[in-house]
Number of protein chains: 2
Amino acid sequence: MIVKPALPHSITGFVVSRPLRQNCANCGVRDVAPCRGLSDEGLVEVDRISYRKRVAPGGIIVREGDPASWCGVIVSGVVKLGKTSPGGRQQIVGLQFASEFFGQPFDETWRLSADAATPVDLCCFSQPAFEALRNKYPAFGGALLQDTVGALNAAREWVFVLGRKTAEEKLASFLLLVAERLGGEGCARGACATQAAGPLTCDLALSRTEISEYLGLRLETVSRQFKKLKEAGVIETSGSRTITFCDVGQLKRLADSELA
Amino acid sequence: MIVKPALPHSITGFVVSRPLRQNCANCGVRDVAPCRGLSDEGLVEVDRISYRKRVAPGGIIVREGDPASWCGVIVSGVVKLGKTSPGGRQQIVGLQFASEFFGQPFDETWRLSADAATPVDLCCFSQPAFEALRNKYPAFGGALLQDTVGALNAAREWVFVLGRKTAEEKLASFLLLVAERLGGEGCARGACATQAAGPLTCDLALSRTEISEYLGLRLETVSRQFKKLKEAGVIETSGSRTITFCDVGQLKRLADSELA
DNA sequence: CGTATATTTGAACGAAATCAACGACTGTGG
DNA sequence: CCACAGTCGTTGATTTCGTTCAAATATACG
């Protein structure tokens with residue numbers, strides 16, 4: 001289990017970006033991030049050309065419309081991808097977790113805003129450096145393609161959740177997502193946590209408001225659905241961000257009821 | 001303007017799949033599909049290893065859960081990507097148009113069903129042949145990555161539409177999508193059609209039921225919103241599938257009102 | 001400990017769903 | 001040519017789920 005450092009140099013809401021050299025050999029996501037496609041030689045190069053960004057919870061990573069010059073990999077933390085309509089409505093259109101590729105490698109401007117839900121640690125490359133890396137190490141490009149296809153599948157899954165599900169099902173789906181991605185701390189991909197039978201406690205990275213923005217609901221509705229799940233004995237909460245999953249099987253059933 | 005042939009050999013609802021050789025030089029999407037990344041030599045190879053599938057409107061291309069062994073490029077037509085919940089609810093989670101990459105190059109089973117909304121023409125590769133192509137021509141992989149990132153952006157855009165928009169805005173967003181992708185027949189990427197001022201007539205590829213499945217609404221609601229848009233003079237319809245956009249600017253405003 | 005922020009709860013309202021019926025178009029067979 | 005069935009789309013009446021508005025309570029933080 002990886003214990004996250006307490007972010008000594010970060011100030012709430014600000015990006016701390018330094019040309020901090022970080023040895024890939026010690027990197028927690030090395031084997032699951034797109035970097036898995038790199039040879040040892042490639043990793044040496046990554047060590048040389050990459051730099052770190054740390055963002056405190058609530059901090060802005062990038063803003064929609066700003067010029068984009070870099071991209072990278074999420075080393076730790078939870079990133080909210082958001083979109084704001086001209087009218088001012090906000091929607092979280094995706095969540096990203098440790099080991100996922102982050103950014104727009106081909107665009108000149110950011111199409112989405114990105115905010116840190118938890119402390120976020122990014123391994124960054126300039127767009128040209130990133131492209132050079134892809135060209136030099138085709139297996140890196142392959143891994144990246146595979147991950148992007150995976151992200152596309154996840155996004156379409158979420159289209160389904162938003163298009164067809166009720167408020168209760170939406171919240172259940174979100175909680176399952178959290179359980180899978182954050183339940184076994186550091187377990188980046190694969191549903192290791194939700195397979196086990198016993199109760200599972202973890203931190204919901206998101207506030208009620210953020211959850212509502214992700215689910216396309218009002219925060220009052222989210223709060224009421226939480227209450228229902230608690231009354232049904234499926235979950236327990238302590239504080240507003242710590243959740244215990246008492247019955248994951250039932251939660252899965254609720255995430256797609258219609259035939260209980 | 002490209003006139004589509006009358007699909008001589010296809011039978012409604014069935015896939016006609018033959019090892020039909022097709023010269024890439026004559027291919028309408030050659031320069032926009034991922035194949036744009038291939039050298040002349042590569043295109044010769046594609047000619048050799050690719051085969052065509054034709055599917056009549058309403059026909060099934062692939063079914064969720066079936067073993068996946070191929071992928072390819074949509075040469076013409078509109079493909080509906082659908083997902084069915086265990087409970088039986090259906091949602092169209094994406095639409096795909098000419099020149100887009102189709103399929104799951106890395107998975108063993110199809111995660112989504114795909115159905116033809118119009119006559120569909122696919123240029124197909126077996127998964128191993130496709131992977132070999134990627135490995136041999138890195139620029140092909142690059143183009144594919146670029147397109148996949150684009151598809152991911154489009155999917156997230158749709159998450160926003162489903163999560164935050166009202167019925168009227170959803171329909172307006174859908175109609176704009178149709179205008180952009182189908183308005184300038186054959187114009188595969190880029191919003192050429194919706195820039196012009198004058199009225200624009202085109203075919204809606206989808207039935208009311210299909211539109212409702214795409215927008216996460218009931219068909220009655222879709223019908224009522226059509227009525228509203230017609231009464232507002234933004235669109236006109238003749239038959240149920242031909243639409244004329246009278247005022248694209250107003251439609252864009254309606255697609256994100258909140259501040260008319 | 002007090003203030004600001006986040007969450008919960010309540011009551012009234014409204015947009016879209018649901019239930020139900022009707023009309024328009026298509027193709028078939030008498 | 002028309003009656004018929006079948007599909008698809010429209011329209012109306014009613015209900016429901018989630019929103020909205022409003023207030024109370026809990027939590028975090030200086």
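The shown structure was predicted, so the numbers you read here are calculated from the model rather than taken from an experiment. Only this structure's heavy atoms are used, side chains among them; waters, hydrogens and symmetry mates stay out.
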Which is true for A/Thr221 with a 4.0 Å heavy-atom rule: it touches a base, it touches only sugar-phosphate, or it touches nothing? base
Students often get this wrong, so: under 4.0 angstrom with heavy atoms, is B/Leu219 touching a base, only sugar-phosphate, or nothing? base
Protein-nucleotide distance ([X], atom [atom1]; [N], atom [atom2]), rounded to Å:
| X | N | atom1 | atom2 | value |
| --- | --- | --- | --- | --- |
| A/Leu171 | D/dC17 | CG | C1' | 15 Å |
| A/Ile211 | C/dT7 | CD1 | P | 8 Å |
| B/Leu217 | C/dT18 | CG | P | 11 Å |
| B/Ile243 | D/dG9 | CD1 | P | 13 Å |
| B/Glu220 | C/dG23 | CD | C1' | 15 Å |
| A/Arg89 | D/dT19 | CZ | P | 13 Å |
| B/Lys230 | D/dG9 | NZ | P | 11 Å |
| A/Glu169 | D/dG18 | CD | C1' | 14 Å |

Are any non-hydrogen side-chain atoms of B/Arg164 and A/Lys83 less than 4.5 angstrom apart? no
Side chains of A/Thr166 and A/Glu169 only: does a donor on one sit below 3.5 Å from an acceptor on the other? yes
Answer yes or no: does a side-chain N or O of A/Arg208 lie under 4.0 Å from OP1 or OP2 of C/dT8? yes
Phosphate oxygens OP1/OP2 of C/dT7: is one of them under 4.0 Å from a side-chain N or O of A/Ser223? no
Check this for me: does the side-chain of [X] come within 3.5 Å of the base of [N] through a donor and an acceptor?
| X | N | answer |
| --- | --- | --- |
| A/Gln225 | D/dC17 | no |
| B/Glu210 | D/dC8 | no |
| B/Arg224 | D/dG12 | yes |
| B/Arg218 | D/dT16 | no |

To the nearest 0.5 Å, how far apart are CG in B/Leu112 and CD1 in B/Ile61? 12.0 Å
Inspect the contact between B/Arg54 and B/Asp121 and indicate whether a charged nitrogen and a carboxylate oxygen are less than 4.0 angstrom apart. yes
Would B/Lys53 pass as a cation-pi partner of B/Trp70, given that its NZ or CZ must be under 6.0 Å from the six-membered ring centre and within 45 degrees of the axis? yes
